Amino acid sequence: MKLKLIPFLIAILITTVFASCKKTVELPAQPQNKITEYKVVNLTDTVIYGAIDQIDKSITVYVPFYLNLTVIDPAISVSQGASIVGKVEPIPISAQDVKYTVKAADGSTNIYTLKIVQQNTPSLTVDWSANATLEVSPLLQLPPIIGDFQSRNGSLVQVQMTNQKSNKVVTFPTGSAFSLSPSDNLYVLNGVILPADIDTGSYKVKVTYLGHTSEITRPIHVFFQQPNLLIPSREVKQGGTISFTSFNTVFVGFKAASVTVNGKTYDLPIQSYTYTDMTLKIPDDFPVGVYYYTAQYSFQFDGWDAVKKIGALTVTAK
């Protein structure tokens with residue numbers, strides 16, 4: 001009798017198994033407020049993809065130094081129906097604490113943090129170019145700097161000069177119009193132009209590039225040179241003013257100016273001057289006329305020879 005029940009029990013078991021197989025198990029709904037792809041698109045013939053961590057809500061972008069990037073311009077994909085809150089804009093590669101908020105159609109949000117990792121050169125060593133003259137004047141550029149920059153992107157370089165006597169610091173920040181060009185196995189940095197108001201004296205020079213800082217062992221001396229200026233053609237009314245600009249030097253100790261026409265010398269009172277510009281007054285009684293490269297100017301500076309120039313000057317009545 002018991003043997004007759006076995007086929008019956010097997011049939012019940014098979015029926016139960018088939019019935020359980022037809023049951024549908026609902027998976028939990030996936031959030032629709034995710035960043036699904038992050039890529040850098042401001043490169044020629046290549047794309048950098050960011051690594052997205054959906055657990056800690058971060059995006060990591062690795063930027064190799066040889067790509068010469070100063071900013072990244074991202075293209076971001078999100079879940080269907082979601083959007084990025086705010087405008088997606090280019091980002092400096094030195095930026096920190098950049099965040100993106102993704103908003104789903106149901107109003108839920110996720111906040112992602114961007115991490116930019118610069119894959120930099122291993123080190124930096126710099127020096128002046130061979131046979132460089134280690135003296136320079138305001139408004140002129142430093143001698144070429146040689147270093148293992150391994151890049152043509154001069155805008156990533158920062159140069160800092162420290163006066164050895166006063167410790168006053170002059171900084172040329174990243175983003176400046178420096179140039180880097182290859183030379184043998186190294187690179188040459190040019191275009192570091194001294195400001196007009198820099199103090200004279202000896203300076204230590206330090207270069208920072210892609211997370212590395214290196215100081216040139218030999219200091220450079222900043223000095224003033226003989227003031228000089230351009231004398232373009234000028235037209236002015238009696239009692240008016242004329243201006244002149246320095247040429248590859250600065251105005252130091254400017255104290256007087258005059259001009260001679262028709263054999264008579266007229267003082268030109270100083271209205272104002274800076275390191276690079278001067279404004280002078282034409283006397284009310286200055287003779288009206290066209291002095292085509294016959295106006296003989298003289299400029300006096302403390303401690304320097306008088307600067308004498310001939311220019312074209314036209315003076316009209318008030």
Side-chain angles (χ1 to χ4, degrees), residues 132-144 159 161 163 165-166 168 170-172 176-179 190-203 205 220-318:
T133 299
L134 300 185
E135 290 188 326
V136 65
S137 297
L139 298 182
L140 301 182
Q141 70 173 346
L142 290 177
V159 177
M161 300 177 60
N163 189 298
K165 183 176 181 179
S166 67
K168 184 177 179 179
V170 178
T171 300
F172 305 86
S176 300
F178 302 150
S179 68
N190 278 303
V192 186
I193 299 175
L194 299 191
D197 59 352
I198 190 171
D199 294 339
T200 57
S202 292
Y203 284 80
V205 177
I220 192 161
H221 182 243
V222 177
F223 70 102
F224 292 138
Q225 60 179 336
Q226 170 72 53
N228 197 6
L229 66 158
L230 300 173
I231 305 292
S233 177
R234 288 287 183 256
E235 183 174 343
V236 62
K237 291 183 178 182
Q238 291 174 318
T241 59
I242 55 175
S243 298
F244 297 108
T245 302
S246 65
F247 179 65
N248 287 341
T249 184
V250 293
F251 298 144
V252 182
F254 181 39
K255 62 180 184 179
S258 63
V259 62
T260 301
V261 295
N262 298 332
K264 184 176 180 180
T265 299
Y266 296 85
D267 290 333
L268 303 177
I270 300 171
Q271 301 300 289
S272 64
Y273 83 94
T274 66
Y275 283 112
T276 58
D277 297 279
M278 64 171 66
T279 299
L280 311 173
K281 183 178 180 181
I282 294 293
D284 293 335
D285 61 348
F286 199 96
V288 172
V290 176
Y291 308 100
Y292 187 69
Y293 288 98
T294 58
Q296 302 175 41
Y297 292 94
S298 177
F299 303 90
Q300 306 290 328
F301 298 88
D302 277 332
W304 302 99
D305 295 335
V307 178
K308 297 184 181 295
K309 300 281 185 176
I310 296 178
L313 175 65
T314 299
V315 179
T316 58
K318 288 185 178 180

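Values reported hereafter were calculated over all heavy atoms of this structure, with side chains retained and with hydrogens, waters and symmetry mates removed. These figures come from a predicted structure and were not determined experimentally.
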Peer 1: Would a line drawn from the ring center of Phe299 to the ring center of Phe251 be shorter than 6.0 Å?
Peer 2: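 Phe299 vs Phe251: aromatic centres not under 6.0 Å.
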Peer 1: Which heavy atom in Ala196 sits nearest to a heavy atom in Pro138, and how many Å separate them?
Peer 2: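 Closest approach of Ala196 to Pro138: O-CB, 3.8 Å.
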Peer 1: Which heavy-atom pair separates Ser176 from Phe172 by the least distance, and what is that distance?
Peer 2: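 Shortest heavy-atom separation between Ser176 and Phe172 comes out as OG-C, 4.0 Å.
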Peer 1: Taking atom CD1 of Ile310 and atom OG1 of Thr260, what is their separation to the nearest 0.5 Å?
Peer 2: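 These two atoms lie 10.0 Å from each other.
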Peer 1: In sequence, state the C-alpha distance, the side-chain angles, and the governing distance for Met161 and Ile198, and then conclude on side chain to side chain contact (heavy atoms under 4.5 Å, CB included).
Peer 2: CA-CA 10 Å; Met161 300 177 60; Ile198 190 171; 4.1 Å; yes
Peer 1: Cut-off 3.5 Å, side chains only: do Gln296 and Ser298 have a donor facing an acceptor?
Peer 2: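 The answer is no; no qualifying pair exists.
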Peer 1: Looking only at non-hydrogen atoms, find the nearest pair between Pro287 and Val315 and report the distance.
Peer 2: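 Looks like O-CB, 3.9 Å.
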Peer 1: Heavy-atom count around Phe223 CZ within 6.0 Å, excluding the residue itself: above 12?
Peer 2: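 Result for CZ/Phe223: enclosed.
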Peer 1: Quick one: CD1 on Ile282 to CG on Asp284, what's the gap to the nearest 0.5 Å?
Peer 2: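 The CG atom of Asp284 is 10.5 Å from CD1 of Ile282, to the nearest 0.5 Å.
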Peer 1: Taking the side chain as every heavy atom from C-beta outward, state whether Asp199 and Val222 have any pair of such atoms under 4.5 Å apart.
Peer 2: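 No, side chains not in contact.
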Peer 1: Closest approach of Ile220 and Pro143, non-hydrogen atoms and distance?
Peer 2: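 Looking at all heavy atoms of both residues, the closest pair is CD1-CD, 3.2 Å.
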Peer 1: Could you tell me which residues satisfy side chain to side chain donor-acceptor pair (under 3.5 Å) with Thr133, sequence neighbours excluded, listed by chain and number?
Peer 2: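 Result, side chain to side chain donor-acceptor pair (under 3.5 Å) vs Thr133: none returned.
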Peer 1: Distance only, no hydrogens: is a donor on one side chain within 3.5 Å (strictly under) of an acceptor on the other, for Ser258 and Asp267?
Peer 2: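 No, no side-chain donor-acceptor pair sits under 3.5 Å.
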Peer 1: Considering all heavy atoms of both residues, which atom of Tyr203 and which atom of Lys168 are nearest to each other, and what is their separation?
Peer 2: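 Looking at all heavy atoms of both residues, the shortest contact is CE2-O, 4.3 Å.
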Peer 1: Under 4.5 Å between any side-chain heavy atoms of Thr241 and Leu280, yes or no?
Peer 2: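 The answer is no; the side chains never approach within 4.5 Å.
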Peer 1: Once rounded to the nearest 0.5 Å, what's the spacing between atom OH of Tyr297 and atom CD1 of Ile242?
Peer 2: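 Reported value, rounded in 0.5 Å steps: 4.0 Å.
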Peer 1: Which pair of non-hydrogen atoms, one from Lys281 and one from Gly239, has the smallest distance, and what is that distance?
Peer 2: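 Residues Lys281 and Gly239, closest heavy atoms: CE-O, 3.5 Å.
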Peer 1: Considering residues at least two apart in sequence or located in another chain, which fulfil the side-chain contact (heavy atoms from CB on, under 4.5 Å) criterion with Lys264?
Peer 2: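 Result, side-chain contact (heavy atoms from CB on, under 4.5 Å) vs Lys264: Tyr266.
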Peer 1: Pairs under 3.5 angstrom only: tabulate donor-acceptor contacts from the side chains of residues 225-238 to other protein residues two or more places apart or in another chain.
Peer 2:
unit_1, atom_1, unit_2, atom_2, d
Gln225, NE2, Asn248, O, 2.9
Gln226, NE2, Asp305, O, 3.2
Asn228, OD1, Lys309, NZ, 3.0
Arg234, NE, Ser243, O, 3.0
Arg234, NH2, Ser243, O, 2.9
Gln238, NE2, Phe286, O, 2.7

Peer 1: Determine the sole option in Ile193, Val136, Leu194 for which the side chain to side chain contact (heavy atoms under 4.5 Å, CB included) test with Gln141 is passed.
Peer 2: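 Checked Ile193, Val136, Leu194 against Gln141; only one passes side chain to side chain contact (heavy atoms under 4.5 Å, CB included): Ile193.
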Peer 1: As an exercise, state the distance from OG1 of Thr276 to CG of Leu139, rounded to the nearest 0.5 Å.
Peer 2: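 Here the rounded value is 7.0 Å.
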Peer 1: To the nearest 0.5 Å, how far apart are CZ in Phe301 and CZ in Phe224?
Peer 2: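 Rounded to the nearest 0.5 Å, the CZ-CZ separation comes out at 12.5 Å.
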Peer 1: Could you give the distance from CG (Leu140) to OG1 (Thr249), rounded to the nearest 0.5 Å?
Peer 2: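 So the gap between those two atoms works out to 7.5 Å.
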